[in-house]
Each structure stands twice: as C-alpha cells, then as structure tokens.
2 protein chains.
Amino acid sequence: MAPALNERKEQILRAVVVNYIKTAEPVGSRTVTRLYKMGLSSATIRNEMADLEELGFLVQPHTSAGRIPSQLGYRYFVDNLMEPDDLSDVDEQVIRSSLSFEKMREIEQIINNSARVLSSVTNQTSLIMGPQFKKSAFHQLRILPLDEKRGLVVLITDTGFIKNKVIDMQQQLTQAELHQVVSYLNQKLYGLTIDQVTTSLINELKRDLFKRLEILEQAFILLEESLKEEKQIRVFLGGTTNILNQPEFKDVDKIRRMLNLFEQEPLLFRILEETSNENDIVVRIGAENEYEDIQECTLITGTYKIHDKTIGTLGVLGPTRMDYSRVITVMRRMVDYLNNRLSS
Amino acid sequence: MAPALNERKEQILRAVVVNYIKTAEPVGSRTVTRLYKMGLSSATIRNEMADLEELGFLVQPHTSAGRIPSQLGYRYFVDNLMEPDDLSDVDEQVIRSSLSFEKMREIEQIINNSARVLSSVTNQTSLIMGPQFKKSAFHQLRILPLDEKRGLVVLITDTGFIKNKVIDMQQQLTQAELHQVVSYLNQKLYGLTIDQVTTSLINELKRDLFKRLEILEQAFILLEESLKEEKQIRVFLGGTTNILNQPEFKDVDKIRRMLNLFEQEPLLFRILEETSNENDIVVRIGAENEYEDIQECTLITGTYKIHDKTIGTLGVLGPTRMDYSRVITVMRRMVDYLNNRLSS
DNA sequence: CTTTAGCACTCTGTAGCTAAGAGTGCTAAA
DNA sequence: TTTAGCACTCTTAGCTACAGAGTGCTAAAG
C-alpha cells in the first residue's frame with residue numbers, strides 16, 4: 001500500500017496530475033506555484049517535488065524537465081485526491097439520447113450505440129462486451145421446421161433474450177417426433193444457466209434420447225454447436241481513432257500494436273472479463289494491467305445488468321494520462337442508463 | 001485514352017513500376033539498366049524516362065530523384081504491361097482452407113474469414129460487403145409466436161438465406177388470424193426481390209389487410225422495420241493494420257483519416273457498391289476513386305454470387321503502389337472459391 | 001527548523017551549416 | 001541514335017551553437 005502523504009504533498013501531487021492530464025507536458029515547480037498558488041515559492045515546491053519523486057509518485061523524463069506522475073502517482077490520485085466531475089447538461093443529454101431510440105429493439109444495436117457514445121464523450125476508445133448469454137438461464141427451446149431440410153432453433157433465456165439459428169436436418173422428422181424431442185429438452189434444461197449446459201450434459205442427453213429416437217444425431221450436433229457459439233461473445237468498439245489524438249501515440253509502432261489488439265476480439269474479451277468486477281467500477285493503471293500491450297494504458301471498466309443479473313462489461317481504454325474523474329463519472333452514468341434501458 | 005507507347009518505352013515503364021512497387025524508392029536510370037539490362041546505357045534510359053515524364057506516365061518527386069509512376073503510369077501498366085502472377089501453393093492452400101471449414105454454416109462467418117485471409121495474403125486491407133438481401137427474391141415468410149407478447153418473423157429468400165427478427169406484438173393474435181395474415185403476405189410478396197418491397201407496396205398491403213383485420217398495425221410496422229434493416233448491410237474488414245506497414249502511411253494524419261473511414265460502415269458500403277462491377281474485377285487507381293480520402297489509394301473490387309446472382313462485393317484497399325498483379329490474381333481465386341462455397 | 005533567493009548546471013529542441021550521395025539534363029563526340 | 005562526361009540540383013544525415021526550461025544546491029533570511 002502507498003504511504004499516506006501530508007496535505008501539502010497531496011496538494012502538489014494533485015496539481016501535477018491535474019496539470020499533466022490537461023497539457024501532456026511535464027509540470028515544473030514554477031507552473032505549480034503559478035497555477036495553484038499556495039503562498040509558497042517555487043524552491044519549496046521543488047523540494048517537495050523531489051521528495052515526491054523519491055517516494056515514487058512522480059518521475060522525471062530527464063534531469064532538467066518537469067515532473068510527470070508515475071503509475072503510483074495516478075493510483076494515489078484516483079484513490080485519494082480525485083474530485084468527482086460534474087457532467088455538463090450536454091453530455092448528460094448525449095448519453096441519454098444515445099439510448100432512448102425507440103427503434104433499437106435489438107440489443108446489439110443498443111450496445112453498438114453505447115460504444116460510440118462512450119468513446120465520443122470520453123475522447124478515448126471504448127470497448128463493450130456484448131451480452132453474455134452463458135450467464136442467463138435457459139428458459140425455453142423451440143424448433144420451427146422451415147422446409148424439408150432445414151429448421152430454426154429458437155432459444156429463449158430468462159433475461160428475455162431470444163437467440164436463433166438455422167440448422168440443416170439430414171433426416172426428416174415428423175412433427176410429432178420433433179415435438180417429443182423439444183419437450184424432453186425443455187424439461188431437462190429449464191432453469192440451467194447456459195454456462196451449465198456443458199458438453200458432458202449434452203452427451204448425456206444425447207444418449208438418453210437415442211434410446212427413444214435414433215434419427216436425431218444430426219440435429220443434436222447442431223444444437224450443441226449453436227450453444228457453443230453463443231459462448232463466444234462479440235466485443236463492440238467505439239472511437240478506435242481517438243487514440244491517435246493522444247500525443248503519447250504519435251509513434252506509428254505503438255499505434256500498430258494498439259490497432260492489432262483491437263482486431264483480436266477474443267483477446268479483448270478476456271481482458272475485459274479479467275479486469276471487470278460486478279459490483280463496481282475498476283480502474284487498472286499501466287502495469288496493473290495483465291496484458292503487456294496495454295501496460296502504458298489505463299483501462300476503466302464497469303458492468304451492466306439485466307434484471308440484476310450481470311451480463312456484460314464496458315470499458316474505456318486510453319493512455320495512463322487520462323481524465324480519470326470524467327471517465328469514471330461518464331462510466332457511472334452510462335451503466336445506470338444502460339441498466340434501466342435493458343431491464344425495461 | 002492513353003497514347004500507345006513503343007516497345008522500348010513500355011519496357012522501361014514496366015521496369016520502373018515493378019521496381020517501385022517492390023522498393024517504394026524512386027527508380028533512377030542506373031537502376032533500370034542494372035536490373036533489366038537491355039543493352040542500353042543509362043543516358044539513353046534517361047532520355048526515354050524524360051519522354052515518359054512528358055507523356056504523363058512518370059513523375060519526379062524532386063529534380064534530382066529517380067522517377068515514380070503517376071496514376072496514368074499505373075493505369076497503363078495494369079491495362080497493358082502486367083504479367084499474371086503465379087500464386088504459390090502455400091497461398092493457394094491458405095485461400096482454400098479459409099473457406100473449407102466444415103462448421104461455417106453461417107454466411108457471416110464465411111465472409112469474415114474471407115476478409116481475414118484476403119488481407120493477409122495481399123498484405124493490404126480488405127473490405128467485404130456482406131450478402132445483399134435486397135438482390136435476393138422473396139420466397140417465404142413465417143411468423144412463429146413465442147409467447148403472449150412476442151413473435152419471430154422468419155424471412156426466406158430464393159438464394160437460401162434465412163433472416164429472422166423478434167417482434168413485439170402489442171395485440172394478441174389468434175393462431176388463425178396470424179395464419180391468415182401470413183399466407184396473404186406470402187401470396188403477395190412471392191418472387192419479388194427484397195429491393196422491390198418498397199414502402200409504398202407495404203403501405204398498399206397494409207391498407208388491404210386492414211379491411212379484413214384491424215389488429216395488425218403493430219405487427220406491420222415491425223415487419224416493415226425488419227425489412228428496412230436488411231437493407232443496411234455489414235461490411236467486414238480485415239487487416240486494417242496492414243496499411244501501417246506501408247511507408248506511404250507513416251504520417252499519423254493520413255492514418256487517422258484512413259481509420260476514420262474504416263469506422264464508417266455506410267460509407268464503405270457506398271464506395272464498394274459504386275466501384276464494383278458484377279462481371280469483372282475493377283481496379284480504381286488514385287483519383288479514379290470518387291471518394292476523396294482514398295484518392296491516394298487503389299481499390300480493387302470483385303463480386304461474389306450465389307447461384308449466379310450477385311449478392312456482394314469484396315475489395316482490397318492499399319496505396320497506389322500496390323502489387324497489382326498479385327492482388328488481382330488473389331482476388332480472382334477468392335471469388336472463385338467463394339462462389340463455389342456459397343452455391344453449394 | 002523552514003523557507004527562499006540566487007546561481008550554476010543539465011538536458012531538449014531548433015536552426016543553420018556542411019558534406020556526401022544520388023540522379024538528372026545537357027553537350028559534344030562516337 | 002547512342003553514349004560518355006560533367007555541372008548542377010536536391011535530399012539526408014550529422015554536427016554545432018544556442019535559447020529555454022527546469023533542476024539541485026548553497027547560503028541567507030524568517
């Protein structure tokens with residue numbers, strides 16, 4: 001744990017962090033006295049800043065430059081010094097209106113829109129995990145025959161999602177046979193979360209059913225597959241170009257690494273999943289992140305729910321020099337609105 | 001139309017283009033004699049190159065640099081000088097295997113995979129338009145009641161696509177009423193392309209139906225909406241980071257403009273649609289492109305079909321200095337395989 | 001003991017300069 | 001028509017000089 005600082009040091013640390021976030025330039029002692037006058041000369045501030053550097057809260061890019069916050073400095077700032085941000089009415093309006101579209105009945109549209117807004121309000125890149133069905137509970141399964149060869153599997157969860165998938169049916173089934181299979185499956189699966197529908201459970205059911213009805217192999221493989229597919233979740237990105245506006249990403253090589261990351265959906269998914277916590281907003285600064293390529297970045301995550309069941313994560317990714325206060329506030333609002341919208 | 005060149009000029013132009021494509025450095029007269037020895041001194045080549053510049057096929061970045069091809073130069077090369085590329089067995093293998101996955105039943109997966117492969121084999125960015133349903137013909141409509149409040153609309157086209165969408169139904173319909181509506185719609189819409197299902201036609205049907213059955217308004221709005229939605233098509237991107245490897249994109253500002261473009265799906269769609277031609281591969285070099293932000297790029301497009309019906313476009317986007325021969329050959333193969341795969 | 005003024009020192013970034021290298025265009029001869 | 005030779009142009013890399021910003025230290029003042 002970081003040692004506590006006396007009030008004067010805290011004031012100075014705050015001044016440095018706030019200023020550096022705003023200007024992206026190292027902050028010198030002069031600047032601190034000028035902007036946050038506290039009746040002290042620059043020499044005194046200099047001494048204090050030297051102390052703060054010794055304690056690990058500040059670093060110097062080179063001997064004769066100002067100071068910039070270290071990872072520890074940001075951490076202390078976020079934990080102890082940050083003042084909550086007031087969102088402007090305009091921001092508030094933008095966030096709300098992004099979700100109020102009457103027509104957005106498909107959840108993917110809502111999520112996609114949210115990603116856009118989250119990135120534009122924060123000026124960072126946003127990542128939102130699509131709904132995780134595996135955390136929803138199985139509610140109902142239907143199979144609708146389309147023609148001789150195809151059927152439509154419809155899966156309904158307790159969180160109100162409906163996923164469907166077309167399957168080929170090699171063998172034809174009579175209406176009655178189909179009905180029999182479907183009701184058997186419904187009975188067995190009801191109330192389980194999608195997570196709990198494991199391959200072994202499916203195999204068991206398959207063995208069971210085969211005794212009664214031997215025609216089903218193909219249909220079963222396909223059900224299994226369709227469930228498996230639901231477990232891989234889309235991650236929606238917004239404002240990927242925003243990182244290019246940050247001075248810390250003027251190096252093409254860094255840009256490449258970031259964009260490369262953005263193309264790897266499963267990886268993004270894992271990062272979001274690892275970072276997030278159901279109950280609160282999580283701030284991961286620099287090397288606090290597991291994944292190497294974002295250890296110069298800060299990732300802030302929150303989760304959204306449907307009927308009190310957590311089903312997805314939203315994240316904002318940017319350089320460690322990020323307006324923490326603002327992003328966290330925006331994230332809070334976004335989560336609130338999203339929860340309301342999705343639970344109605 | 002560009003004037004015809006004598007053989008010697010053609011040889012030299014080809015040499016310059018080929019070399020510049022490979023090295024990204026302006027090509028001087030010495031280099032041409034050294035690499036493509038044709039029994040002439042560099043002075044002669046110099047004279048010829050000066051002619052080629054006068055004719056508009058070559059340009060000089062500055063007085064004392066070598067020459068690079070102009071847009072016209074590339075055009076002449078593509079139209080007259082290019083030799084077809086032999087794909088290596090490895091490439092061939094990669095392309096084929098990207099599509100042979102047994103499990104990819106969903107067309108979006110196939111398209112997505114194709115985008116990935118197309119970009120990695122060409123080392124450029126690829127864009128593939130998802131299937132355009134509006135060019136398919138209406139085949140069958142079904143509505144499956146899910147519970148009291150919701151139903152599932154299933155739309156089947158002659159190209160074998162099945163699109164479906166969940167709708168809310170404010171008023172409850174009896175099974176019989178629903179059946180009546182559905183069969184009426186099927187009768188009216190059968191054989192029309194989705195394109196032809198205009199708002200006015202829908203309104204007409206609506207009036208018609210209202211006479212018989214007044215409960216349907218809500219259901220109708222939603223059918224309309226779901227059709228409208230099918231008209232906006234996804235564009236799948238692959239290898240967006242590849243442009244960063246090109247030396248012409250070392251400027252952060254150019255990168256930003258490109259990436260910005262990539263985020264605007266509807267725009268990409270329009271560009272692909274405008275550029276492509278059903279019957280052949282189209283090469284748009286530099287300012288031949290309509291859209292301003294890609295006038296330093298070349299876009300090469302091809303189309304893919306299902307049962308001889310064109311339903312989508314694939315594109316490769318990169319700097320004008322692009323390996324035309326290779327990209328075009330790869331595009332041809334890709335189109336072939338894709339057509340085969342989708343029509344089976 | 002704390003604060004501050006003063007000053008020497010360090011490091012960066014920019015501007016200007018030079019020299020090397022690449023390539024051209026022109027001229028005159030083959 | 002081709003080519004050798006040469007003066008000329010432009011870019012790039014490296015070097016130096018210098019202004020600007022900021023520090024750390026010392027010694028004096030509170």
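So that the names make sense, note that chain A is the first sequence line, chain B the second, and so on, each numbered from 1. Computed from heavy atoms alone, side chains included, the values below leave out hydrogens, waters and symmetry copies.
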| request: May I ask which nucleotide in the shown strands pairs with D/dA7, Watson-Crick or G-U wobble, both distances under 3.5 Å? | output: C/dT24

| query | Just how far, in rounded Å, is C1' of C/dA22 from CD of B/Gln60? | reply | 12 Å

| B/Glu48 CD to B/Leu13 CG distance, which is reported to the nearest 0.5 Å | 11.5 Å

| query | From D/dC10, D/dT3, C/dA5, pick the nucleotide closest to the side chain of B/Thr44? | reply | D/dT3

| field | Nucleotide C/dC26, atom C1' - distance to CD of B/Glu54 in whole Å | value | 15 Å

| Per the atom types in the model, does the base of D/dT9 pair as donor or acceptor with the side chain of B/Ser64 at under 3.5 Å? | yes

| said: Checking contacts here: which listed nucleotide (C/dC11, D/dT2, D/dC10) is nearest the side-chain heavy atoms of B/Arg8? | reply: D/dT2

| query | What integer distance in Å separates A/Leu40:CG from C/dC1:P? | reply | 20 Å

| How many Å lie between CD1 on A/Ile45 and P on D/dG22, as a whole number? | 14 Å

| field | Watson-Crick or G-U counterpart of D/dC15, or none if no pair lies under 3.5 Å | value | C/dG16

| request: Could you state the atom-to-atom distance from CZ of A/Arg46 to P of C/dC9 in whole Å? | output: 16 Å

| task | Using a strict 4.0 Å threshold on nitrogen-to-oxygen distance, state whether A/Glu248 and A/Lys254 make a salt bridge. | result | no

| field | A/Ser41 side-chain proximity, nearest of C/dC11, D/dT2, C/dT4 | value | C/dT4

| query | Can you tell me the Watson-Crick or wobble partner of C/dA30, both distances under 3.5 angstrom? | reply | D/dT1

| So, is A/Thr63 near the phosphate of D/dT23, with a side-chain N or O under 4.0 Å from OP1 or OP2? | no

| field | Enclosure of A/Arg256 CZ (heavy-atom neighbours >12, cutoff 6.0 Å) | value | yes

| task | Would you kindly give the CD-to-C1' distance between B/Glu48 and D/dT2, to the nearest whole Å? | result | 11 Å

| request: Quickly work out the A/Arg67 CZ to D/dA21 P distance and round it to whole Å. | output: 18 Å

| said: Within this structure, what is the CZ-CD distance for the pair B/Arg284 and B/Gln71, rounded to the nearest 0.5 Å? | reply: 11.0 Å

| remark: Only residue of A/Asp86, A/Asp91, A/Asp85 satisfying side chain to side chain donor-acceptor pair (under 3.5 Å) with A/Ser88 is A/Asp91

| query | Rounded to the nearest Å, what distance is computed from the CG atom of residue B/Asn47 to the C1' atom of nucleotide D/dT3? | reply | 9 Å

| said: Given 3.5 Å as the limit, does a donor-acceptor pair link the side chain of A/Ser325 with the main chain of A/Met82, or not? | reply: no

| request: Using the closest heavy atom to pick a nucleotide of DNA chain D for each, name whichever of A/Ala50 or B/Gly39 lands nearer the 5' end. | output: B/Gly39

| task | Using heavy atoms and a sub-4.0 Å distance, could you list which residues of residues 24-36 of chain B are near DNA chain C? By number, please. | result | B/Gly28, B/Ser29

| said: Does atom CD (A/Glu296) have a neighbourhood of more than 12 heavy atoms from anything else shown, all under 6.0 Å? | reply: no

